[in-house]
Amino acid sequence: MSDIDLNNVNDHPPPALRPYHVLVTGFGPFSRYSVNPSWLAVEPLHNAVLTVDIPPDSALPVDQPLASSETSLSARREVRITAIQVPVTYEAVLSIVPGLHARPPVLPPSSDPALPTPFPPPEGYDLFFHVGVIGRGSLRMERIGHKFGYNMKDAANSLAPIVRISRDEGNQPPDAQRMKGLRLRDARDYNVESLVEGNETPKRGFGRGYESFAEEIYTDVDVEKLVHHLKTCGFDQIYTSMDAGHYLCDFLYYCSLAESKRSTKNDKSTPASQVIFLHCPPVGLPLSTEEVTEAIRQSIMWLCRTLTH
């Protein structure tokens, strides 16, 4: 017979775990959108604190068995969300996204006085949840980011960088030094046009600094399970996608996936951050902003329950 008084088990609060930090991004104005629908859906989550119950076998080290009824209680974890807006330009993605994955992260200054830039967690973010707008229809959870194929002009009427492979790249500098270099680099380095032989279309996308990364990067998130969970929560209009569009959404997604891998390579003691991208329709076509925000919130809670660190 156990010495534990089972009647008093519920008197013990579940064990507390370190909080998870989630960075959610939406895009700024472009084309006909004076306020981007993705930002409308993301902004209400800024500074939100959610609470998720973690199954006991996820809260304990893998070599530690459940010893008693008390330790079988679910652990409770806070999820702290920060939301930022990213301009719809290739230059902004290249100058902002690498800093988000640095440790400590480097956040861009906020353009909205009502949303001051928060202090980022020194150890970095556990989850990056990116949101962008697409045409009318269902939500789309993207599975893959693409390195090349960016031939459309951005909101500043600029094209993605022409890829030039240099043979003397050497090792990449540390995060802080690389961030400073990116911010000080002349924007013309990213948008300069060069002569191309004949009528050949130049290859545009990720070049210098991204040579070691594959042409396609898949998210580590189990997208099928996530979409299934959202359907059980009542979000019928959602599906998985293998084509994020070869525009700014895809460009940001690939950049974030690559930088997540880079941060792990540079610091093997820290688990890789998870990265996911959700495409949402324009407001009311057919989903409301509130419905998209709730889908993001439900996704974050499910993802944070499944994280293993």
Side-chain angles (χ1 to χ4, degrees), residues 21-48 50 79-101 105-118 120 125-142 145 154-156 219 221 226 230 235 238 241 244-245 247-257 259-260 273-285 287-301 303:
H21 296 277
V22 178
L23 185 68
V24 185
T25 71
F27 280 103
F30 86 107
S31 185
R32 65 183 183 275
Y33 300 115
S34 58
V35 181
N36 198 299
S38 66
W39 180 244
L40 289 173
V42 163
E43 184 182 13
L45 294 170
H46 183 59
N47 284 336
L50 310 178
V79 178
R80 300 174 183 174
I81 301 175
T82 297
I84 66 167
Q85 185 180 117
V86 179
V88 187
T89 68
Y90 297 108
E91 180 188 355
V93 170
L94 288 169
S95 64
I96 291 173
V97 173
L100 305 181
H101 287 268
V106 180
L107 299 184
S110 174
S111 58
D112 186 347
L115 298 173
T117 302
Y125 293 99
D126 299 284
L127 171 65
F128 291 84
F129 200 105
H130 304 295
V131 185
V133 67
I134 202 167
R136 64 182 300 156
S138 301
L139 296 168
R140 287 173 33 176
M141 199 70 71
E142 303 293 344
D154 62 21
T219 178
V221 171
L226 173 55
L230 290 172
F235 297 97
I238 183 169
S241 167
Y247 190 48
L248 265 297
C249 294
D250 204 342
F251 195 77
L252 181 146
Y253 195 22
Y254 182 92
C255 190
S256 190
L257 288 165
E259 293 298 336
S260 176
S273 302
Q274 288 196 322
V275 181
I276 190 66
F277 195 104
L278 176 70
H279 264 125
C280 68
V283 178
L285 297 174
L287 301 174
S288 68
T289 294
E290 292 75 18
E291 288 175 309
V292 178
T293 301
E294 181 62 16
I296 298 168
R297 190 181 74 84
Q298 291 289 345
S299 297
I300 290 172
M301 293 183 69
L303 287 164

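This is a predicted model, so every value here is computed, not measured. Sequential numbering from 1 along the given sequence is applied to the chain's residues.
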Spatial distance of atom [atom1] ([X]) from atom [atom2] ([Y]) [nearest 0.5 Å]:
| X | Y | atom1 | atom2 | value |
| --- | --- | --- | --- | --- |
| I300 | L50 | CD1 | CG | 6.5 Å |
| S299 | I276 | OG | CD1 | 8.5 Å |
| D126 | L23 | CG | CG | 11.0 Å |
| S273 | H21 | OG | NE2 | 11.5 Å |

Mind checking side-chain hydrogen bond (donor to acceptor under 3.5 Å, both in side chains) for [X] and listing every partner two or more places apart, or none if nothing turns up?
| X | answer |
| --- | --- |
| H130 | T25, S256 |
| D250 | H146, Y150 |
| S241 | R140, E142 |

Are [X] and [Y] packed together at the side-chain level, in the sense that at least one heavy-atom pair is separated by less than 4.5 angstrom?
| X | Y | value |
| --- | --- | --- |
| V283 | S288 | no |
| L107 | L100 | yes |
| V86 | P108 | no |
| T82 | Y125 | yes |
| L230 | Q298 | yes |

Can you name the residues that form a side-chain contact (heavy atoms from CB on, under 4.5 Å) with [X], not counting sequence neighbours?
| X | result |
| --- | --- |
| T293 | A41, P44, L45, T289 |
| D112 | E43, S110, A114, L115 |
| L285 | R136, P282 |

Non-neighbouring partners of E294 that pass salt bridge (Lys or Arg N to Asp or Glu O under 4.0 Å), sequence neighbours left out |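 Per chain and number, E294 pairs via salt bridge (Lys or Arg N to Asp or Glu O under 4.0 Å) with R297.
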
Would you check, one step at a time, whether the test side chain to side chain contact (heavy atoms under 4.5 Å, CB included) holds for M141 with V221?
-> CA-CA 10 Å; M141 199 70 71; V221 171; over 6 Å; no

Residue list, ring-ring contact (aromatic ring centres under 6.0 Å, His included) with Y33, at least two apart or on another chain |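 Result, ring-ring contact (aromatic ring centres under 6.0 Å, His included) vs Y33: F30.
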
Under the ring-ring contact (aromatic ring centres under 6.0 Å, His included) test, which residues partner Y253, sequence neighbours left out?
->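 Here the qualifying residues are F277.
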
Side-chain donor/acceptor of S38 to backbone N/O of F27, under 3.5 Å |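 It does hold such a pair.
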
Evaluation steps, side chain to side chain contact (heavy atoms under 4.5 Å, CB included), between S138 and I238 | CA-CA 5 Å; S138 301; I238 183 169; 5.6 Å; no

Shortest non-hydrogen contact from [X] to [Y]?
| X | Y | answer |
| --- | --- | --- |
| D154 | Y247 | CA-OH, 3.3 Å |
| G28 | Q85 | CA-OE1, 3.3 Å |
| P281 | P37 | O-CB, 4.2 Å |
| T89 | A156 | CG2-CB, 3.9 Å |

Please step through side chain to side chain contact (heavy atoms under 4.5 Å, CB included) for the pair C280 and L287, ending with a clear verdict.
-> CA-CA 8 Å; C280 68; L287 301 174; over 6 Å; no

Mind running side chain to side chain contact (heavy atoms under 4.5 Å, CB included) on F128 and S260 for me, showing each step along the way?
-> CA-CA 9 Å; F128 291 84; S260 176; 5.9 Å; no

